[in-house]
Asks: 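First the structure, then my questions, so here it is.
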Amino acid sequence: MALECVAVLGWGDSGSSASGLVFNGVRNSNRTPRKCVCRGGFSGLSGHSVIKSADNQNTGKSSNVNDVPGKLCKDLISLPKPLTVADFTVTPNDGTKVRISFKGLPGSFSEDAALKAYPKCETVPCDEFEDAFKAVELWLADKAVLPIENSSSGSIHRNYDLLLRHRLHIVGEVQLAANFCLLALPGIKADQLKRVLSHPQALASSDIVLTQLGVARENVDDTASAAQYVASNGLRDAGAVASARAAEIYGLNILADRIQDEPDNITRFLVLARDPIIPRTDKLFKTSIVFTLDEGPGVLFKALAVFALREINLTKIESRPQRKRPLRVVDDSNNGTAKYFDYLFYIDFEASMADPRAQNALGHLQEFATFLRVLGCYPMDATL
Ligand SMILES: O=C(O)C(=O)C[C@]1(C(=O)O)C=C[C@@H](O)C=C1
């Protein structure tokens with residue numbers, strides 16, 4: 001019995017950070033000459049592989065430089081080295097740039113969140129939230145950073161729905177305090193402005209200042225798009241609510257800083273990736289799940305009790321209609337048949353999936369949930 005080695009190496013992800021080993025297999029085979037299929041600059045497998053010279057490939061004789069007197073290989077250094085255990089570790093933060101997709105233009109707060117999580121990253125702006133998901137699924141980006149909730153305007157429902165429709169995993173969260181600035185073309189004063197453009201959340205959060213100015217408000221897709229629009233169209237009667245970084249990128253002046261009504265306007269973003277991370281217990285982890293329940297009195301109470309019983313703190317609960325099953329038909333002996341809206345419940349709780357309490361709670365929930373999916377288990381962001 002001979003050994004056949006097949007190594008498929010060099011895991012490229014569209015020129016970005018992750019480069020490492022995808023698969024490395026050594027298997028037994030009854031067939032003769034042993035094939036080494038190597039890609040991406042490596043060849044050879046520790047221990048077992050034999051590199052053949054061109055001369056003896058047809059004869060099937062073994063090739064060992066020690067068998068060929070006086071013909072010692074001159075460029076031993078250039079020969080491929082056997083893999084070591086270090087080759088099996090993919091290190092995305094080794095200086096090569098991790099690519100992060102986000103919705104918006106450069107200078108948006110979502111890009112700030114991506115840069116907070118990965119300061120050296122290369123950001124990948126996307127038109128829509130769904131494009132940011134797809135960019136990761138299609139390996140155009142390594143991760144996506146998307147807003148999920150805001151301290152003043154609440155949940156970003158679109159992203160809850162997309163989490164379920166796509167199969168990415170939550171691998172992190174980022175809390176970002178957005179500082180809204182009023183921007184305009186250089187030389188323009190605040191009292192010259194007739195309208196102000198921005199993301200609806202930024203406009204709503206800057207209500208006091210905008211009301212004082214008496215300007216009309218115009219919604220655009222993101223704060224940086226507002227700045228870009230004012231700048232590229234040379235609008236002298238329009239301002240933008242956006243970040244100081246957007247002012248710099250698009251060449252606008254900051255007329256007023258910190259114009260948000262609430263001093264702390266915090267947005268929580270999720271970091272999504274193709275693969276989950278390994279849950280740990282040596283630091284604070286959070287787990288996000290989504291589930292559905294049967295109809296009946298106290299079922300949601302029972303679902304929440306699986307966490308309360310184990311002293312697991314819940315940090316967020318959200319319900320969304322089930323699009324594919326919008327109504328549930330229930331028998332009602334008095335009035336015939338009743339119809340109820342059917343919901344998906346999203347819960348974030350403070351425990352790692354490596355913690356037996358979390359495993360038991362989910363095992364318990366699974367006994368009566370009609371559907372349950374773990375969206376991700378990730379380190380908590382306690383910084384601002
Ligand atoms: O418009 C932006 O700059 C965004 O990144 C989007 C967004 C949001 O979706 O809520 C994110 C955070 C800010 O508070 C305002 C807007």
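Side-chain atoms are counted along with the backbone in the values below, which use heavy atoms only and exclude waters and symmetry mates.
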Asks: How close do A184 and L255 get, counting heavy atoms only, and between which atoms?
Replies: CB-CD1, 3.6 Å
Asks: With a 4.5 Å heavy-atom cut-off, do P147 and F129 have their side chains touching?
Replies: yes
Asks: Name the residue from L115, L146, T123, D222 that meets the side chain to side chain contact (heavy atoms under 4.5 Å, CB included) definition with F102.
Replies: T123
Asks: Please name the pair of heavy atoms, one in V230 and one in G239, separated by the smallest distance, quoted to 0.1 Å.
Replies: CG2-O, 3.7 Å
Asks: Through direct or indirect side-chain contacts below 4.5 angstrom among Ile, Leu, Val, Met, Phe, Trp and Tyr, which residues connect to M380?
Replies: L284
Asks: Indicate yes or no: does R167 engage E137 in a salt bridge with an N to O separation below 4.0 Å.
Replies: no
Asks: Between CG of D127 and CG of L105, what distance do you get to the nearest 0.5 Å?
Replies: 8.0 Å
Asks: Looking only at heavy atoms, which two atoms of A242 and A246 are closest? And how far apart?
Replies: CB-CB, 3.9 Å
Asks: Say whether V299 and L309 are linked into one hydrophobic cluster, either directly or through other cluster members, by side-chain heavy-atom distances under 4.5 angstrom.
Replies: no
Asks: Quick one: pull up CG in L213 and CG in D191 and give me the separation to the nearest 0.5 Å.
Replies: 8.5 Å
Asks: Ignoring hydrogens and geometry, is there a side-chain-to-backbone donor-acceptor pair from R357 to E311 under 3.5 Å?
Replies: yes
Asks: Using modelled atom types only, decide if a donor and an acceptor are shared between the side chain of S243 and the backbone of G107 within a distance under 3.5 Å.
Replies: yes
Asks: Does any N or O in the side chain of R310 come within less than 3.5 Å of the main-chain N or O of A358, such that one atom is a donor and the other an acceptor?
Replies: no
Asks: State whether the number of non-hydrogen atoms from other residues, nucleotides or ligands found under 6.0 Å of Y229 atom OH is greater than 12.
Replies: no
Asks: Cluster question for you: counting only ILVMFWY and a side-chain heavy-atom cut-off of under 4.5 Å, with indirect links fine, are L362 and L300 together?
Replies: yes
Asks: Between N265 (side chain only) and E262 (backbone N and O only), is there a donor and an acceptor less than 3.5 Å apart?
Replies: no
Asks: Is the gap between the ring centers of F368 and F291 under 6.0 Å?
Replies: no
Asks: When you measure from the side chain of S352 to the backbone of R280, do you find a donor-acceptor pair of N or O atoms at a distance under 3.5 Å?
Replies: yes
Asks: Does CD in E248 sit with more than 12 non-hydrogen atoms of other residues, nucleotides or ligands closer than 6.0 Å?
Replies: no
Asks: Side-chain heavy atoms under 4.5 angstrom apart, residues restricted to Ile, Leu, Val, Met, Phe, Trp, Tyr: same cluster for V306 and M353?
Replies: yes
Asks: Holding to ring pair (Phe, Tyr, Trp, His ring centres under 6.0 Å), I want the full list of residues that pass it with Y378, two or more places apart in sequence or in another chain.
Replies: none
Asks: Please name the pair of heavy atoms, one in A369 and one in L293, separated by the smallest distance, quoted to 0.1 Å.
Replies: CA-CD2, 4.1 Å
Asks: Please check this pair: side chain of N179 against backbone of R258, looking for a donor-acceptor N/O pair closer than 3.5 Å.
Replies: yes
Asks: Using distance alone, with no hydrogens and no angle criterion, decide if Q201 and N150 have a side-chain donor and acceptor under 3.5 Å apart.
Replies: yes
Asks: Report yes or no: do L182 and V215 belong to one cluster of Ile/Leu/Val/Met/Phe/Trp/Tyr joined by side chain heavy-atom distances under 4.5 Å?
Replies: yes
Asks: List the steps and the verdict of salt bridge (Lys or Arg N to Asp or Glu O under 4.0 Å) for R217 and D207.
Replies: CA-CA 10 Å; R217 296 152 209 218; D207 189 54; 2.6 Å; yes
Asks: Taking C-beta and beyond as the side chain, do P106 and Y250 meet within less than 4.5 Å on heavy atoms?
Replies: yes
Asks: Should the pair F349 and F307 be assigned to parallel (<30°), tilted (30 to 60°) or perpendicular (>60°) ring geometry?
Replies: tilted
Asks: Can you tell me if R165 has over 12 outside heavy atoms packed within less than 6.0 Å of its CZ?
Replies: yes
Asks: Using atom types as modelled and distance alone, determine if a side-chain donor or acceptor of D348 lies under 3.5 Å from a backbone N or O of S288.
Replies: no
Asks: Has R274 got a side-chain atom pairing as donor or acceptor with V136's backbone, closer than 3.5 angstrom?
Replies: yes
Asks: What closest approach, in Å, do T281 and D355 show between heavy atoms, and which atom pair accounts for it?
Replies: CG2-N, 4.0 Å
Asks: Starting at CG of D142, measure out to CD of E122 and round the result to the nearest 0.5 Å.
Replies: 9.0 Å
Asks: Among R268, R320, E149, E318, which residue satisfies the side chain to side chain donor-acceptor pair (under 3.5 Å) criterion with S155?
Replies: E318
Asks: Taking C-beta and beyond as the side chain, do K143 and Y118 meet within less than 4.5 Å on heavy atoms?
Replies: yes
Asks: Are there over 12 heavy-atom neighbours, none belonging to K316, within less than 6.0 Å of that residue's NZ?
Replies: yes
Asks: If you take all heavy atoms of A202 and S198, which pair is closest and at what distance?
Replies: CB-OG, 3.3 Å
Asks: To the nearest 0.5 Å, what is the distance between CG (L375) and NE2 (H169)?
Replies: 9.5 Å
Asks: Name the one of K286, Q175, K116 that satisfies side chain to side chain donor-acceptor pair (under 3.5 Å) with D381?
Replies: K116
Asks: When clusters are formed by joining ILVMFWY residues with side-chain heavy atoms under 4.5 Å apart, either directly or through shared neighbours, do I188 and L210 land in the same one?
Replies: yes
Asks: Do any N or O atoms from the side chain of D261 and from the backbone of I208 form a donor-acceptor pair under 3.5 angstrom?
Replies: yes
Asks: So does D342 get a backbone contact from the side chain of Q322, meaning a donor-acceptor N/O pair under 3.5 Å?
Replies: no
Asks: Answer yes when D131 and K103 have at least one side-chain N-carboxylate O distance shorter than 4.0 Å, and no when they do not.
Replies: no
